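Please read these numbers as outputs of a predicted model, since none were measured by experiment.
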Amino acid sequence: MSRLTDRKERFNSLNELTGLAQCLLDRNILIDLRNESSVAGKITNVDGFMNISMENVVLIDQLGKHFPMEEFMIYPRYIRYIHIPESVEIKPALEEHIRKLTTRKRRPPVKRTYRIKRAQENHLQTLAEINMK
């Protein structure tokens, strides 16, 4: 995946409703589709473009017939509604999702070589000279 695509997915996850769908991972959800059918199952993955992967799914067609499936993929243009369970508190879930995406990992400390040490000492010496004036 290119870096540009990663940036777009991250932007979508932070600024659009894609982030809300990502908060529903590993939950059983009912999704209404635009063709008047519904899908109920466990969400296993939601990417930054809101493509939803589900497992242990039951597809309910327009006539009410049930079709069990092991896996199901939904593209965002086919989604009409995502039914969010009452047990999900939306605001804290979104805040936690945003916090996870915006916190940066600490870098491991850089090995201090002789060159870096000399540069740091020169920097400190220069600052000391400036402060004396």
Give a yes or no answer on whether the side chain of Asn56 reaches the backbone of Gly41 with a donor-acceptor pair at less than 3.5 Å. no

Please check if the number of heavy atoms outside Leu101 that lie under 6.0 Å from its CG is greater than 12. yes

Using the rule given for side-chain contact (heavy atoms from CB on, under 4.5 Å), can you reason through Asn12 versus Met50, listing the C-alpha separation, both sets of side-chain angles and the distance that settles it, and then say yes or no? CA-CA 9 Å; Asn12 291 345; Met50 207 165 163; over 6 Å; no

For Arg112, look at atom CZ and say whether over 12 heavy atoms of other residues, nucleotides or ligands are found less than 6.0 Å away. yes

Short side-chain donor-acceptor distance under 3.5 Å, Gln22 and Ser13: yes

Is any side-chain heavy atom of Asn51 closer than 4.5 Å to one of Met73? yes

Mark yes or no for whether His66, through its side chain, and Gly64, through its backbone, hold a donor-acceptor pair below 3.5 Å. yes

Is there side-chain contact between Glu96 and Cys23, with heavy atoms separated by less than 4.5 Å? no

I'd like to know whether CD of Glu121 has more than 12 heavy-atom contacts from other residues, nucleotides or ligands below 6.0 angstrom. yes

So with a 6.0 Å cut-off around CD of Glu89, is the heavy-atom count from everything else above 12? no

Can you tell me if Ser37 and Asp61 form a side-chain donor-acceptor pair at under 3.5 Å? no

Residues that, via side-chain heavy atoms closer than 4.5 angstrom, fall in one hydrophobic cluster with Phe11: none

Report yes or no: do Ile60 and Ile43 belong to one cluster of Ile/Leu/Val/Met/Phe/Trp/Tyr joined by side chain heavy-atom distances under 4.5 Å? no

For the residue pair Leu24 and Val88, establish whether any side-chain heavy-atom pair is separated by less than 4.5 Å. yes

Say whether, by atom type as modelled, one donor and one acceptor occur between the side chain of Arg34 and the main chain of Arg77 under 3.5 angstrom. yes

Is there a side-chain contact between Val39 and Leu33, using heavy atoms and a 4.5 Å cut-off? yes

Look at the side chain of Glu55 and the backbone N and O of Phe72, then say whether any donor-acceptor pair between them is shorter than 3.5 Å. no

